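Worth saying up front: this structure is predicted, and the values here are computed from it rather than measured.
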Amino acid sequence: MFKMKILLIHSDFLEFEPKRKAIKNAEEWRKGREKINDCLVVFTSVEKNDEKDTEQVSKNFAKEIEKVAKEVKTNSIVLYPYAHLGRDLASPDAALKILKNAENILKKRYKTYRAPFGWYKAFTIKCKGHPLSELSREIGVEKPAKERKKGSEFHKFILIDANGREYVITKKDWKKSEIWKNKGQQYEMLNKFVRNELEGNPEERDKPKHIEYMRKLELVDYCPESDIGNFKWYPKGLLIKDLILAFQENLARNYGAFKIQNPIIYRTSDQNIRKLIGEFHEKDYRIREEKEEFVLRFASDPGAFPFMQKLNFSYKNMPVKEYEEAICFRKEQKGELCGLRRVRNFTMTDLHAFCADENQAKDEFRKLCFLCQDLMNNIISKRRWVLGWEAVESFYEEHKKWVLDLVKELGVPSFVKLMPKRSHYYSLKNEYQSIEADGANSQISTVQFDVVNGERFNITYRGEDNKNYPCIIIHCSTFGSIERTLCSILENAAIDEKNKKNPMLPLWLSPTQIRLCPVSDSYIEFCEKIADQFEERGIRVDVDDRTESVQKKIMNAETEWIPLTLVIGEKEKRGEKFSVRFRETGKIEKMFLDDIVKYIKSKTAGLPYKPLPLDRLVSKRPVFVGWGKLSQSEGSS
RNA sequence: GCCGCUGUGGCUUAGAGGUAGAGCGGCUGACUCGUAAUCAGCAGGUCGUGGGUUCAAAUCCCACCAGCGGCUCCA
């Protein structure tokens, strides 16, 4: 889509003379030359795209001119229609309307002139030649308050409690609903979510905590060498990312899906890709190579759909399930980006079940809901999330009992938005929303019931009658983005911190699970032996071998959020119990090595393990970020 | 993209027209230490970038870049 383009020239004078009409419906105009002295000439072409909202474009147009007029300190403005700047021109009617609108706005404060529209004109101009005298600008159609999503797309709103009971609400009276008689964290979170969805966030929020944490814990960082919203990962962050991916991979395999991988760039000339791009309004990164244009992958579908389209499968294979870790790029507006919550480059783990009929699809939808629940509970932690649903009203009514039963089984209160008719490819979808420390909500997983794309992309299976039938597709983004998932994990820690608990990562995701602190250098060797024993049993352990006081080593272990810290000295060497400092409680307990192992194993049962991402000896590690003074909450004394 | 706030060594920051200061971290040395900072010395800064005003700019002005908040949008 092209934007309206203008060329601004600060001139000593402009002289023009209409010669003859260039188009049939050119505007009527007086004859003869006209000369305007000391003025800002604005050559203007209006693009087709601008017709969407001529009012808004006119306003933005006038605003932009005014800005420049102020800078060059001129009092006279000449609007000069100049079609040659354009690439996909608007209709003359629309263009003239925008010019006239802008003229009316500008007239209030400036001497405003306009050259006739639709004429061949002779003109002479004398540019002043100072640095600001020649400028070009593009005027955007500032997106008019979207009526989609929050507004008219949805006409009915329903809340469902954890027992599967429905409460119909409206935008105005949702606060008075009976559902709020239910007490507990889940309902408080549902309340925040509904408020965010229906009213937006009223209060100004603080800087999200996860941004501070992601850097202090040396997990992820901004990368100024890249585009904004593209992050670099440090070893500890990467470990967490890999563990999360491994966990979801286990679930996907158990579910019965096979793993595939598709490319990152796609031809924009391809039919399938074109169809999909259409739904992603200009949010894509484009690259030109030779004569071809490519688009960076913005979702998993551009890879997965063509892939499945070419597979050969029949009713005997159904449902067919596939999953992928898709690196995605979306050029989100700058102002929307926020730490890891919203980025331009992210990894999405996406799973699709291709089903033969509605019953099969409902079955898979249900299974995937439980799969996502498993993810949320292990990663975001229990009761720290709620469900949002979107549905086409007729679909919801027809399958209401099934949905309510599902909500009851999941045991998570829900907020449902109904639309009168289908506007997207799905008839029903849910969103697993994590509620953050600052009151914002982040969508992590989603399951979607898609009755459109099987036919649209010709993804079919061979039926018993040897004919082809389109699949119903169940989409399931287990992690809409790993980056955002990490954001929620850290925000969860921030909630704990707010509640005067020590912020922590889940044990299975902690880069170091046990830190050994020798009392003096002479015990380093012994520490290494102990570390070997933990390591052999699949525990990430390291040794603070620096020549520092025990106090300092403890302090360091705490600032790194290490869950278990062992001080090692003469007593331990003699074979006594280890004194284990638990970050979670701040208490020290005497335990044998086997019991420590058992404790960790019981807390990480069924969850993936990967080895320590850095040297076991702390003294050997580079400083990736380096922390400064501790914030007050982290120091205990 | 628009509006608002912010930008000083790796981190946290002092400084408000007149020679950039500190703490943490790093390095060197001493201390060999029992659960949140042992001591001393050293190195490290084109004050986000580019223009402008001024005898003189981290400080004032303009533009750009980046971060956060809001609008909007979304995985």
For the side chain of [X], counting heavy atoms from C-beta on, which of [options] is nearest?
{"X": "Val550(A)", "options": "G34(B), U38(B), A36(B)", "answer": "G34(B)"}
{"X": "Gln333(A)", "options": "G1(B), G34(B), C74(B)", "answer": "G1(B)"}
{"X": "Glu336(A)", "options": "A36(B), C68(B), G1(B)", "answer": "G1(B)"}
{"X": "Val343(A)", "options": "C33(B), A37(B), A75(B)", "answer": "A75(B)"}
{"X": "Arg484(A)", "options": "A37(B), C74(B), G67(B)", "answer": "C74(B)"}
{"X": "Glu332(A)", "options": "A36(B), C74(B), U38(B)", "answer": "C74(B)"}
{"X": "Val519(A)", "options": "A36(B), G67(B), G34(B)", "answer": "G34(B)"}
{"X": "Ile211(A)", "options": "A75(B), A36(B), C68(B)", "answer": "C68(B)"}
{"X": "Asp521(A)", "options": "A36(B), U72(B), U32(B)", "answer": "U32(B)"}

If we take the [atom1] atom in both [N] and [M], what is their distance in whole Å?
{"N": "A30(B)", "M": "C11(B)", "atom1": "P", "value": "31 Å"}
{"N": "C31(B)", "M": "A37(B)", "atom1": "C1'", "value": "15 Å"}
{"N": "C65(B)", "M": "G23(B)", "atom1": "C1'", "value": "30 Å"}
{"N": "G44(B)", "M": "C27(B)", "atom1": "C1'", "value": "10 Å"}
{"N": "U53(B)", "M": "G9(B)", "atom1": "C1'", "value": "29 Å"}
{"N": "U8(B)", "M": "C3(B)", "atom1": "P", "value": "24 Å"}
{"N": "C61(B)", "M": "G7(B)", "atom1": "P", "value": "13 Å"}
{"N": "C71(B)", "M": "A20(B)", "atom1": "P", "value": "44 Å"}

* Validation row: Ser434(A), Glu491(A) side chains within 4.5 angstrom (heavy atoms) ->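 They are not in contact (no side-chain heavy atoms under 4.5 Å apart), so the answer is no.
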* Asked: Are Val567(A) and Ile554(A) close enough that some pair of their side-chain heavy atoms sits under 4.5 Å apart?
  ->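 The answer is yes, as the side chains (C-beta and beyond) meet within the 4.5 Å cut-off.
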Look at all strands and tell whether [X] reaches a base, only sugar-phosphate, or nothing, counting heavy atoms closer than 4.0 Å.
{"X": "Glu572(A)", "result": "base"}
{"X": "Lys334(A)", "result": "base"}
{"X": "Ser477(A)", "result": "nothing"}
{"X": "Thr547(A)", "result": "base"}
{"X": "Tyr222(A)", "result": "sugar-phosphate"}
{"X": "Glu483(A)", "result": "nothing"}
{"X": "Cys338(A)", "result": "sugar-phosphate"}
{"X": "Ile228(A)", "result": "sugar-phosphate"}
{"X": "Lys571(A)", "result": "base"}

* Does Arg341(A) get its side chain close enough to the base of A75(B), under 3.5 Å, for a donor-acceptor pair? ->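 Answer is no: no donor-acceptor pair is held.
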Rounded to the nearest angstrom, tell me the gap between atom [atom1] in [X] and atom [atom2] in [N].
{"X": "Met214(A)", "N": "C11(B)", "atom1": "CE", "atom2": "P", "answer": "13 Å"}
{"X": "Ile562(A)", "N": "A36(B)", "atom1": "CD1", "atom2": "P", "answer": "15 Å"}
{"X": "His424(A)", "N": "A75(B)", "atom1": "NE2", "atom2": "C1'", "answer": "13 Å"}
{"X": "Asp284(A)", "N": "A75(B)", "atom1": "CG", "atom2": "P", "answer": "14 Å"}
{"X": "Asp545(A)", "N": "C33(B)", "atom1": "CG", "atom2": "P", "answer": "17 Å"}
{"X": "Arg330(A)", "N": "G1(B)", "atom1": "CZ", "atom2": "P", "answer": "18 Å"}
{"X": "Phe526(A)", "N": "U32(B)", "atom1": "CZ", "atom2": "C1'", "answer": "18 Å"}

* Is the ring centre of Tyr222(A) less than 6.0 Å from the ring centre of Phe231(A)? ->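 Ring-ring flag for Tyr222(A)/Phe231(A): true, centres closer than 6.0 Å.
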* Centroid separation Tyr426(A) to His475(A) less than 6.0 Å ->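 No, ring centres 6.0 Å or more apart.
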* To do: Taking atom types as modelled, find out whether Gln248(A) and Thr478(A) have a side-chain donor-acceptor pair closer than 3.5 angstrom.
  =>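 Yes, Thr478(A) and Gln248(A) have a side-chain donor paired with an acceptor closer than 3.5 Å.
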* To do: Using heavy atoms to find the nearest nucleotide of RNA chain B for Leu337(A) and Phe346(A) separately, return the residue whose nucleotide is more 5′.
  =>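 On the 5' side of the pair lies Leu337(A).
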* Closest-nucleotide 5' rank along RNA chain B - winner of Gly335(A) and Arg215(A) ->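 Result: Gly335(A).
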* To do: Would you please name every residue forming a side-chain contact (heavy atoms from CB on, under 4.5 Å) with Asn377(A), sequence neighbours left out?
  =>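 Partners of Asn377(A) by the side-chain contact (heavy atoms from CB on, under 4.5 Å) criterion, ordered by chain and then number, come out as Gln373(A), Lys382(A), Trp385(A).
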* May I ask you to decide if Arg484(A)'s main-chain N or O and Ser481(A)'s side chain share a donor-acceptor pair within less than 3.5 Å? =>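 Looks like yes, one N/O pair under 3.5 Å.
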* Asked: Would a distance-only check, ignoring hydrogens and angles, find a side-chain to backbone donor-acceptor pair under 3.5 Å from Thr349(A) to Phe479(A)?
  ->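 Such a contact is found between Thr349(A) side chain and Phe479(A) backbone.
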* Asked: Mind pulling the stems RNA chain B is in, i.e. runs of at least three Watson-Crick or G-U pairs, everything under 3.5 Å?
  ->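 Looking at RNA chain B, the stems formed by three or more consecutive pairs are B:1-7 with B:65-71, B:10-13 with B:21-24, B:26-30 with B:38-42, B:48-52 with B:60-64.
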* To do: Report yes if a side-chain nitrogen or oxygen of Arg581(A) is closer than 4.0 Å to either non-bridging phosphate oxygen (OP1 or OP2) of G34(B); otherwise report no.
  =>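 For G34(B), OP1/OP2 do not have a side-chain N/O of Arg581(A) under 4.0 Å.
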* To do: Please determine if a side-chain N or O atom of Lys552(A) lies less than 4.0 Å away from the OP1 or OP2 oxygen of G25(B).
  =>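 Indeed, a polar side-chain atom of Lys552(A) lies that close.
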* **N-O pairing of Lys417(A) and Glu390(A) below 4.0 Å** =>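 Answer for the salt bridge query: yes.
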* **ring pair (Phe, Tyr, Trp, His ring centres under 6.0 Å) partners for Phe365(A), two or more places apart** =>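 Checked Phe365(A) against ring pair (Phe, Tyr, Trp, His ring centres under 6.0 Å); matches are Trp402(A).
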